[in-house]
Structures are given as structure tokens and as C-alpha cells.
Amino acid sequence: MANLEVIEIKPINVKYTEIRIIGDTPLIVHAWSEKVKKAMLDKQMKKAKNARVAKDPEEEYQASFYRLPDGRYGFPAIGFKAAAVSAGGRFAEGMKMTELRGSFFIDGENGSDLVAIEGEPSMREDTVRVGMGVADIRYRPEFRTWTTSVRVRFNADKISLEQLVNLFNLAGFGVGVGEWRPECDGQFGCFHVAIESANKTEESSK
């Protein structure tokens with residue numbers, strides 16, 4: 001009978017924490033509406049273009065929101081993770097973006113891929129350049145004052161709670177989230193971590 005090699009599968013040291021984020025500059029959100037996605041698909045499928053309809057600012061504004069299943073305002077959880085990963089690779093000594101991507105994850109709320117944004121939005125009107133420099137007017141939600149809480153799963157053998165919290169703080173200052181953030185030559189979507197929520201962890205339930 002052949003000898004069997006015993007393999008030990010070590011448990012992953014998964015912990016949870018909730019990081020409270022406070023907005024420092026307004027957050028501009030811009031979800032792709034169903035109309036825009038359909039237009040993109042039609043273009044890829046070489047369908048004939050429909051006649052352009054008159055712009056409806058209120059319709060464009062409402063379609064630009066991210067919404068949770070319960071109707072609350074939201075923002076993609078992956079946006080905050082991407083900001084933290086980018087900050088680690090650009091500003092934190094000894095951290096690699098390739099390793100950070102597998103070291104922590106952000107859970108969305110209510111089975112969605114969004115985190116809830118707390119704050120009152122208003123309509124923002126901006127002149128933008130699209131395509132070959134053609135000017136257009138965009139109507140998007142802006143949260144001048146905003147907060148959120150992100151629930152993070154992390155491998156405590158790869159990244160400590162202190163490192164994680166500092167990554168998010170770096171991300172809030174130098175990367176940001178949403179439209180016209182620092183990473184894209186803007187100054188919107190900046191934030192900082194609330195100190196009182198930066199030292200709480202939970203063990204994995206698995």
C-alpha cells in the first residue's frame with residue numbers, strides 16, 4: 001500500500017472590522033443609467049442610432065444614483081477597496097498592490113455590492129468634454145456632507161488592523177472616491193477615518 005502524505009490545511013486568520021468614514025470634500029456619484037448602458041450595447045452591436053431626445057436634467061440626475069435594495073443611497077464597495085489598494089501601492093512603504101488585493105475585502109449591505117452613503121444630495125450641473133472634445137452638460141448627485149461605514153474582512157496574518165486603518169486614511173487624503181477625486185486630478189471625494197471606530201475587530205464566524 002502506498003504511503004499517504006498528510007497535508008495540514010491551516011485556517012486563515014480572518015477578522016472583521018467596521019471602519020467609519022467621514023467625508024472631507026463633496027462626493028460626486030455617477031452611476032451608469034440603463035439608457036446609457038443600452039446605448040453602449042447598441043453601438044457595439046452596430047444598431048442604427050435613434051434620434052436624440054431632449055435632455056431631461058431631473059431624469060439624468062435620478063438615474064445617476066446608486067441605490068441599495070431598500071432604497072437608501074449607496075456607493076460601490078469596490079471603490080473604497082480600490083482607493084485603499086492604490087494608496088498602499090503609492091504611499092505606504094513595503095506594501096504591494098498585488099498582495100493587498102487579496103488581503104482584505106469590503107462587504108456590501110443587504111446582499112448588494114454597495115455601502116450606504118449617509119447625507120443629503122443635491123443636483124450638480126457640470127460642463128464636460130466627451131468623445132473628440134465635444135462639450136456636454138452633465139447632471140449628477142453631489143453629497144456636500146457625507147459619511148459611511150465599511151465592513152472589512154481581512155487576513156490578520158497579512159495585514160494588521162492598524163495598517164488597514166492607515167491605508168484607508170491615506171486613501172481618503174490622496175486617492176479619494178467618486179468623480180473628480182484626487183487620483184483623477186480633482187479634489188472631490190476625500191475623507192478620513194473616524195478614530196473611535198478604528199480599534200474594533202471581530203473574529204471570523206467560520
Side-chain angles (χ1 to χ4, degrees), residues 4-25 27-32 66-70 72-119 143 146-179 181-184 186 188-206:
L4 298 178
E5 182 179 357
V6 178
I7 298 175
E8 179 184 2
I9 301 178
K10 297 181 179 180
I12 300 174
N13 187 14
V14 178
K15 291 187 177 181
Y16 292 83
T17 189
E18 187 170 286
I19 298 177
R20 184 70 175 168
I21 286 173
I22 310 297
D24 293 324
T25 59
L27 172 66
I28 304 173
V29 303
H30 190 192
W32 283 358
Y66 295 97
R67 292 190 185 273
L68 289 157
D70 60 10
R72 287 180 296 162
Y73 303 120
F75 191 84
I78 192 64
F80 287 97
K81 177 178 178 176
V85 169
S86 180
R90 295 166 60 188
F91 308 128
E93 186 177 353
M95 289 191 169
K96 297 180 180 178
M97 294 172 67
T98 51
E99 295 178 1
L100 285 172
R101 290 189 186 101
S103 297
F104 70 95
F105 302 91
I106 298 178
D107 296 332
E109 291 197 35
N110 295 346
S112 74
D113 59 357
L114 306 175
V115 297
I117 297 295
E118 301 165 31
F143 293 85
W146 62 280
T147 60
T148 186
S149 293
V150 295
R151 182 169 171 78
V152 187
R153 287 179 289 129
F154 65 101
N155 183 345
D157 290 335
K158 294 296 182 181
I159 187 169
S160 69
L161 177 62
E162 182 179 6
Q163 288 175 315
L164 191 65
V165 169
N166 278 294
L167 268 187
F168 276 85
N169 227 26
L170 283 171
F173 184 83
V175 181
V177 291
E179 302 288 286
R181 59 190 180 274
E183 189 177 41
C184 297
F188 293 87
C190 295
F191 58 86
H192 68 273
V193 173
I195 298 301
E196 64 271 17
S197 68
N199 59 357
K200 301 176 182 177
T201 61
E202 304 170 18
E203 298 295 331
S204 169
S205 58
K206 295 182 179 180

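Worth knowing before you read on, the calculation uses all heavy atoms, side chains too, and leaves out hydrogens, waters and symmetry mates.
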Look only at the side chain of [X] and the backbone of [Y], and say whether a donor-acceptor pair between them is shorter than 3.5 Å.
X: Asn110; Y: Ser112; result: no
X: Thr147; Y: Ile22; result: no
X: Asp113; Y: Gly108; result: no

With rounding to the nearest 0.5 Å, note down the distance linking [atom1] in [X] to [atom2] in [Y].
X: Asn166; Y: Phe91; atom1: CG; atom2: CZ; result: 14.0 Å
X: Ile117; Y: Ile21; atom1: CD1; atom2: CD1; result: 8.0 Å
X: Arg153; Y: Thr17; atom1: CZ; atom2: OG1; result: 13.5 Å
X: Leu100; Y: Leu167; atom1: CG; atom2: CG; result: 5.5 Å
X: Phe168; Y: Phe104; atom1: CZ; atom2: CZ; result: 5.0 Å
X: Arg90; Y: Met97; atom1: CZ; atom2: CE; result: 8.5 Å

Nearest heavy-atom pair of [X] and [Y]: which atoms, and what distance?
X: Ala83; Y: Ala171; answer: O-CB, 3.4 Å
X: Lys81; Y: Arg101; answer: NZ-O, 2.6 Å
X: His30; Y: Tyr66; answer: O-OH, 3.6 Å
X: Lys15; Y: Ala156; answer: CD-CB, 4.0 Å
X: Ala116; Y: Leu68; answer: CB-CD1, 3.6 Å
X: His192; Y: Asp24; answer: ND1-OD1, 2.7 Å

Can you find a pair of side-chain heavy atoms, one from [X] and one from [Y], that are under 4.5 Å apart?
X: Pro182; Y: Val175; result: no
X: Phe188; Y: Glu179; result: no
X: Phe80; Y: Val115; result: yes

Legend entry - Derivation and outcome, side chain to side chain contact (heavy atoms under 4.5 Å, CB included), residues Thr148 and Phe191: CA-CA 10 Å; Thr148 186; Phe191 58 86; over 6 Å; no

Inset, instruction - Start with the C-alpha distance between Val177 and Leu27, add both sets of side-chain angles, then the distance that settles side chain to side chain contact (heavy atoms under 4.5 Å, CB included), and finish with yes or no. - result: CA-CA 7 Å; Val177 291; Leu27 172 66; 3.8 Å; yes

Legend entry - Atom CZ of Phe173: over 12 foreign heavy atoms under 6.0 Å: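 No, because the 6.0 Å sphere around CZ of Phe173 holds 12 heavy atoms or fewer from other groups.
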
Inset, instruction - Take Trp146 and Tyr73 through the side chain to side chain contact (heavy atoms under 4.5 Å, CB included) test and state the conclusion after the steps. - result: CA-CA 11 Å; Trp146 62 280; Tyr73 303 120; over 6 Å; no

